[in-house]
Amino acid sequence: MKLKIVQAGEPVLRKRGRELSKDEIKSAQIQQLIALMLTTMREAPGVGLAAPQVGVSIQLAVIEDRPEYIKDWTPEQLAERERQPVPFHVIINPRITLLGEERVEYFEGCLSLNNLMALTPRARRVRVECVDERGEAKVIEAGGWYARILQHEIDHLAGTMYVDHMYPRTLMTVENFTQHWKGKTLAETKRILLGAD
């Protein structure tokens, strides 16, 4: 069974999700929601899915960046994006700390903004304190693309979306990104779209 992914404009996407208690986390209802969110994320496909994206205003997200999602990327493209596979995991009640001042920009999309993406600045490194699906405390230190995924999903839990951070001139469809921009370096893309050197 797959859940419906709500689209931009749904009020739940602009609300802060409520935190879950340890008992709630272990409940059959939340465990079933996690399983359905995993199925929904994989079928979309996506690398993360926050509970508000399926209409549930709680502090819970699932994350997984599967090897098959990057199999057609060149080593140069993967290095530029600092991207590698991330195994499936759940973050609940997260607290994020941006590590350092360095920001990196790359295109981001969202399952709740279907078929759109834009160049979005994010912190290169983050630290996340959360609990997992068993209610056990976890600390995640991440960099590169994984840090981007964490920031994106945790934003959803606070009622924020990537369009709140993006460079508006870079908003485009996934098809146009693939046709015109995917093969270009970040520097070239920024020069053309933003007039940046």
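This one's a predicted model, so the numbers in the text were calculated from it and none came from an experiment.
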| message | Do Met41 and Phe88 have side chains that approach each other closer than 4.5 Å (heavy atoms only, starting at C-beta)? | response | yes
| Roughly how far, to the nearest 0.5 Å, is the CD atom of Glu136 from the SG atom of Cys130? | 11.5 Å
| request: Check whether any side-chain heavy atom of Tyr162 lies under 4.5 Å from a side-chain heavy atom of Gln151, and answer yes or no. | output: no
| message | Hydrophobic clusters here meaning ILVMFWY residues chained together by side-chain heavy-atom distances under 4.5 Å, can you tell me if Val104 and Leu186 are in one? | response | no
| Side chain His89, main chain Pro87, donor-acceptor under 3.5 Å | yes
| query | What about Leu111 and Ile91, same hydrophobic cluster or not, with Ile/Leu/Val/Met/Phe/Trp/Tyr joined at side-chain heavy-atom distances under 4.5 Å? | reply | no
| request: Please round to the nearest 0.5 Å and tell me the distance separating atom CZ of Arg16 and atom CD1 of Ile58. | output: 13.5 Å
| request: Using a 4.5 Å cut-off on heavy atoms from C-beta on, say whether the side chain of Glu80 contacts that of Glu76. | output: no
| field | Electrostatic pair Glu108-Arg122, nearest N-O below 4.0 angstrom | value | yes
| query | Heavy-atom count around Gln84 CD within 6.0 Å, excluding the residue itself: above 12? | reply | no
| field | Closest non-hydrogen atom pair between Gly183 and Gln77, with its separation | value | CA-NE2, 4.3 Å
| message | Assigning hydrophobic clusters by single linkage (Ile, Leu, Val, Met, Phe, Trp, Tyr; side-chain heavy-atom cutoff under 4.5 Å), is Val131 placed with Val56? | response | yes
| note | To the nearest 0.5 Å, atom CD1 of Ile34 lies from atom CG of Leu38 at 10.0 Å
| task | Tell me, with the steps shown, if Arg83 and Val47 meet side-chain contact (heavy atoms from CB on, under 4.5 Å). | result | CA-CA 12 Å; Arg83 188 168 178 180; Val47 296; 3.7 Å; yes
| What closest approach, in Å, do Ala50 and Met37 show between heavy atoms, and which atom pair accounts for it? | C-CE, 3.6 Å
| said: Taking atom NZ as the centre, does Lys15 end up with more than 12 heavy-atom neighbours from other residues, nucleotides or ligands that are less than 6.0 angstrom away? | reply: no
| message | Donor-acceptor check, side chain of Gln59 to backbone of Leu157, threshold 3.5 angstrom: yes or no? | response | yes
| task | Might you point out which heavy atoms bring Pro52 and Leu13 nearest each other, and give the distance in Å? | result | O-CD2, 3.7 Å
| field | Rounded distance (nearest 0.5 Å) linking atom CD1 of Ile149 with atom CD1 of Ile154 | value | 11.5 Å
| Minimal non-hydrogen separation, Ala147 against Ala123, with atom names | CB-O, 4.1 Å
| Ring centroid separation for Phe107 and His152, is it under 6.0 angstrom? | no
| Backbone N/O of Glu133 and side chain of Gln31: donor-acceptor pair under 3.5 Å | yes
| request: State, yes or no, whether a side-chain contact exists between Glu43 and Ile5 at a heavy-atom distance under 4.5 Å. | output: no
| task | Please determine if Arg127 and Glu141 form a salt bridge, counting it only when a charged side-chain N lies under 4.0 Å from a carboxylate O. | result | yes
| note | Applying salt bridge (Lys or Arg N to Asp or Glu O under 4.0 Å) to Glu82 and not counting sequence neighbours gives Arg124
| Side chain Thr189, main chain Thr185, donor-acceptor under 3.5 Å | yes
| query | Does some side-chain heavy atom of Leu33 sit less than 4.5 Å from a side-chain heavy atom of Leu3? | reply | yes
| Are the side chains of Val86 and Trp145 in touch, meaning some heavy atoms are under 4.5 Å apart? | no
| message | Strictly distance-based, threshold 3.5 Å: is any side-chain N or O of Gln32 a donor or acceptor partner for the main-chain N or O of Ala28? | response | no
| query | Is atom CD of Glu68 surrounded by more than 12 heavy atoms (other residues, nucleotides or ligands) closer than 6.0 Å? | reply | yes
| request: Answer yes or no: does atom NZ of Lys184 have more than 12 heavy-atom neighbours from other residues, nucleotides or ligands under 6.0 Å? | output: yes
| query | Which atom pair, heavy atoms only, marks the closest approach of Thr173 to Met117? | reply | O-CG, 4.5 Å
| remark: One should read off an interatomic distance between Asn93 CG and Ile25 CD1, to the nearest 0.5 angstrom, of 5.5 Å
| field | Note, Lys4 side chain near Gln53 side chain (heavy atom, < 4.5 Å) | value | no
| said: Does this structure show an ion pair linking Arg42 with Glu64, if we count only N-O contacts that are shorter than 4.0 Å? | reply: yes
| query | Run the side-chain contact (heavy atoms from CB on, under 4.5 Å) check on Glu175 and Gln179 step by step: do they pass? | reply | CA-CA 6 Å; Glu175 290 80 12; Gln179 183 176 354; 5.9 Å; no
| said: With clusters defined by side-chain heavy atoms of hydrophobic residues (ILVMFWY) lying less than 4.5 Å apart, directly or transitively, does Leu119 cluster with Leu171? | reply: no
| query | Are Arg14 and Asp164 ion-paired here, with the side-chain N under 4.0 Å from a carboxylate O? | reply | yes
| task | Return the minimal non-hydrogen interatomic distance between Val90 and Ile92, and the atom names on each side. | result | CG1-CG1, 3.8 Å
| Is there a donor-acceptor pair closer than 3.5 Å between any side-chain N or O of Arg191 and the backbone N or O of Ala187? | no
| field | In one Ile/Leu/Val/Met/Phe/Trp/Tyr side-chain cluster, 4.5 Å: Tyr106, Val126 | value | yes
| field | Side chains of Gln7 and Ser112, donor plus acceptor under 3.5 Å | value | no
| query | Is it true that Glu24 and Arg18 have a side-chain N and a carboxylate O under 4.0 angstrom from each other? | reply | yes
| query | Around Glu101, counting heavy atoms of other residues, nucleotides and ligands shown, do more than 12 lie under 6.0 Å from its CD? | reply | no
| Does Thr120 reach the side chain of Tyr167, with side-chain heavy atoms less than 4.5 Å apart? | no
| task | Taking only Lys NZ, Arg NE, NH1 and NH2, and the carboxylate oxygens of Asp or Glu, determine whether Lys190 and Glu105 approach each other closer than 4.0 Å. | result | yes
| query | Would Arg169 and Leu194 satisfy side-chain contact (heavy atoms from CB on, under 4.5 Å), going step by step from the backbone distance to the final call? | reply | CA-CA 7 Å; Arg169 286 183 53 87; Leu194 301 174; 4.2 Å; yes
| task | Determine yes or no for a side-chain-to-main-chain donor-acceptor pair under 3.5 angstrom, with Thr170 supplying the side chain and Met166 the backbone. | result | no
| Hey, what do you get for CG (Leu60) to CD (Glu19), rounding to the nearest 0.5 Å? | 12.0 Å
